[in-house]
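Single-structure report; data block below.
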Protein chains: 2
Amino acid sequence: MFSKACEYGIKASIFIAINSYEGKRVSPKEIAKEINSPQAFTAKILQALVRHKVINSVKGAYGGFEINKNELKYINLSQIVKAIDGDNIYNGCGLGLDKCDENHPCPVHEKFITVRDELKHMLENTSLEELALDIKSGASFLKA
Amino acid sequence: MFSKACEYGIKASIFIAINSYEGKRVSPKEIAKEINSPQAFTAKILQALVRHKVINSVKGAYGGFEINKNELKYINLSQIVKAIDGDNIYNGCGLGLDKCDENHPCPVHEKFITVRDELKHMLENTSLEELALDIKSGASFLKA
DNA sequence: TATAAATAGGATAAAATTATCCGAAATAAA
DNA sequence: TTTATTTCGGATAATTTTATCCTATTTATA
Ligand code: FES
Ligand code: FES
C-alpha cells in the first residue's frame with residue numbers, strides 16, 4: 001500500500017507531534033528508536049518532510065525536528081503520503097495504465113476508484129493531532 | 001497498491017479469459033502484446049498463476065494458456081492478487097508493524113482496516129467473467 | 001519416431017527501493 | 001570566537017523488484 005519510506009514518515013511525524021505538544025524537539029536517533037526504523041534512512045525522510053513543509057527542523061545545538069503546536073490539527077495523513085509517495089495513489093490507475101481516465105478506463109476502474117476515493121477521504125480526514133493523542137493515551141502503538 | 005507483477009497478472013488473466021470463451025489458447029507473446037507488458041517477465045507471472053491453479057497451461061504444439069470456461073465466473077481478483085502479491089494486503093499492518101493486531105493496533109489501524117476490508121470485498125466480488133465481458137463490449141481497455 | 005511448437009525454469013542483468021556512511025553547514029552556548 | 005551539537009546532502013552499498021536470456025522439457029502432428 002504505502003512504501004516503507006512513507007510508513008516511517010507517518011510514524012515519525014506522529015512521534016514528533018507528541019513531543020511538539022510538550023515543546024520538545026526530537027532527533028533522528030530518538031525517532032528511529034521510537035518507531036523502530038533505520039536511523040539514517042529515517043533522517044532522509046525527515047529531510048523530505050521538511051522540504052515539503054510538513055514538519056520543521058532547527059539546526060545546530062539544541063535543535064531537532066518539531067511541528068508548530070497550533071498546526072497539529074490541520075496536518076493530515078494526506079500531506080505526508082503525498083510528500084513521500086507522491087499522488088499516484090490518488091490519481092494513478094489501479095492496473096498501471098498511463099493515466100486513470102474515465103473515458104478510457106481499465107477493467108477495474110469503476111470498482112477501484114470507489115476504494116481509492118475512500119482511502120483518499122480517510123487520509124484527508126485523519127489529523128496528526130488525533131493520531132498523536134491515541135498514542136499518548138495508550139490506545140495505539142508506534143512499534144511492536 | 002499492487003505490484004507490477006500483479007497488475008500484469010490481472011490483465012493477462014482477463015485476456016486469457018476472453019480467449020477461453022472462444023476456446024482459444026494464447027501464448028505469452030500474444031498476451032504481452034495485448035496488455036503491453038514485457039514478455040519474458042509476463043511468462044514468469046503466468047507460471048505462478050498456473051502453479052496457483054488460477055489458469056491452466058498446455059505444453060507443446062498447439063498449447064498455450066487457458067481457463068476452464070465454466071470456472072470463469074468463479075475466479076475473482078482476490079485469487080490472482082493472493083497468488084502473486086500474497087495476502088499482506090489483506091492481513092498486513094498499514095504502517096508496517098509485524099502484524100496487524102486489534103489488541104496492539106498501530107495509529108491508523110481502525111481507519112485502515114475499513115478501507116482494507118472494502119478493498120478485500122471488492123477483490124472477492126469481482127469475477128474474471130465480468131471483467132472479460134467489459135473488455136469484449138468495449139467498455140474497458142487493457143492498454144493505453 | 002522425428003520434428004516443430006510451446007511452456008518451464010534456471011541464471012543473469014537492470015532498475016528501483018531501502019539503507020549506510022561521512023563530511024559540510026548551521027547554530028546555541030561557553 | 002571557539003566548541004559542541006545537530007541537520008543537510010552527496011556518495012555509496014545492499015536488497016528487492018522488474019526484466020531478459022537461454023536451455024530443458026513436454027506434446028501434437030507429420
Ligand atoms: S483507468 Fe484504471 S483505475 Fe481508472
Ligand atoms: S495494526 Fe496497523 S493496520 Fe492494524
Side-chain angles (χ1 to χ4, degrees), chain A residues 1-13 16 19-20 23-33 35-67 81 83-86 88-89 92 95-96, chain B residues 1-13 16 19-20 23-33 35-67 81 83-86 88-89 92 95-96:
Chain A
M1 185 74 83
F2 306 120
S3 67
K4 276 283 169 201
C6 193
E7 291 176 1
Y8 297 152
I10 292 171
K11 289 188 277 193
S13 297
I16 296 168
N19 282 276
S20 292
K24 280 190 289 187
R25 292 171 186 153
V26 286
S27 67
K29 189 176 177 180
E30 294 173 84
I31 295 169
K33 188 185 172 193
I35 72 175
N36 194 29
S37 68
Q39 180 180 329
F41 188 48
T42 305
K44 287 270 186 264
I45 297 159
L46 293 170
Q47 285 180 36
L49 290 174
V50 169
R51 276 196 299 275
H52 284 85
K53 301 187 192 304
V54 175
I55 64 179
N56 185 246
S57 71
V58 178
K59 285 185 192 175
Y62 293 82
F65 295 91
E66 64 182 11
I67 302 175
V81 172
I84 300 174
D85 281 351
N88 198 277
I89 203 171
L95 294 187
Chain B
M1 185 75 81
F2 306 121
S3 68
K4 276 284 168 201
C6 192
E7 291 175 1
Y8 297 151
I10 291 171
K11 288 188 277 195
S13 298
I16 296 168
N19 283 277
S20 292
K24 279 190 291 189
R25 291 172 186 153
V26 286
S27 66
K29 190 176 178 180
E30 294 173 86
I31 296 169
K33 189 185 170 193
I35 71 175
N36 195 31
S37 68
Q39 180 180 329
F41 187 47
T42 304
K44 288 270 186 261
I45 296 160
L46 293 169
Q47 285 180 36
L49 289 173
V50 170
R51 276 195 300 275
H52 284 85
K53 302 186 191 306
V54 175
I55 65 179
N56 185 246
S57 72
V58 178
K59 286 185 192 175
Y62 294 83
F65 295 91
E66 63 182 13
I67 301 175
V81 172
I84 300 173
D85 281 352
N88 198 279
I89 203 170
L95 293 188

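In what follows, chains are A, B, ... by sequence order, proteins preceding strands, each numbered from 1.
Annotation: side chain of A:Ser57 is not in contact with side chain of A:Leu46 (no heavy-atom distance under 4.5 Å). Contact check for A:Pro28 versus A:Phe65: side-chain heavy atoms found under the 4.5 Å cut-off. Considering only heavy atoms from C-beta on, A:Val50 stays 4.5 Å or farther from A:Asn56 through its side chain.
At distances below 3.5 Å, not a single donor-acceptor pair connects side-chain atoms of B:Arg25 with backbone N or O atoms of B:Val58. Of the possible donor and acceptor atoms, one in the side chain of A:Lys11 sits under 3.5 Å from a partner among the backbone N and O of B:Leu95. In this structure, the side chain of A:Ser3 engages the main chain of A:Cys6 through a donor-acceptor pair within 3.5 Å.
Distance, A:Ile84 CD1 to C:dT17 P: 14 Å, rounded to whole Å. Atoms NZ (A:Lys44) and C1' (C:dG23) sit 12 Å apart, rounded to a whole Å. Spacing between atom CD of B:Glu30 and atom P of C:dA5 amounts to 14 Å, rounded to whole angstrom units. If you measure from atom NZ of A:Lys4 to atom P of C:dA16, you get 21 Å, rounded to the nearest angstrom. Per the geometry, CZ belonging to A:Phe65 stands 16 Å off P belonging to C:dA26, to the nearest Å. Rounded to an integer number of Å, the gap from A:Tyr8 OH to C:dT18 C1' is 8 Å. What separates NZ of A:Lys11 from C1' of C:dT18 is a distance of 14 Å, to the nearest Å. In this structure, A:Lys29 places its NZ atom 19 Å from P of C:dA19, rounding to the nearest Å.
If A:Thr42 and A:Tyr62 are placed on DNA chain C by their nearest nucleotide, the residue sitting closer to the 5' end is A:Thr42. Where A:Ala40 and B:Ser57 each meet DNA chain C at their nearest nucleotide, the meeting point lying more 5' is that of B:Ser57.
Within the 4.0 angstrom heavy-atom criterion, base atoms lie near A:Phe41. If you check every strand for non-hydrogen atoms under 4.0 Å, B:Arg51 touches sugar and phosphate atoms only.
Protein chain A contacts DNA chain D from D:dT5 to D:dA11, reading 5' to 3' and using non-hydrogen atoms of the protein with a distance under 4.0 Å.
Between C:dT18, C:dT20, C:dT7, one nucleotide has an atom nearer to the side chain of B:Lys59 than all others, and that is C:dT7.
Under the 4.0 Å criterion applied to side-chain N and carboxylate O atoms, B:Lys33 and B:Glu30 are not assigned as salt-bridge partners.
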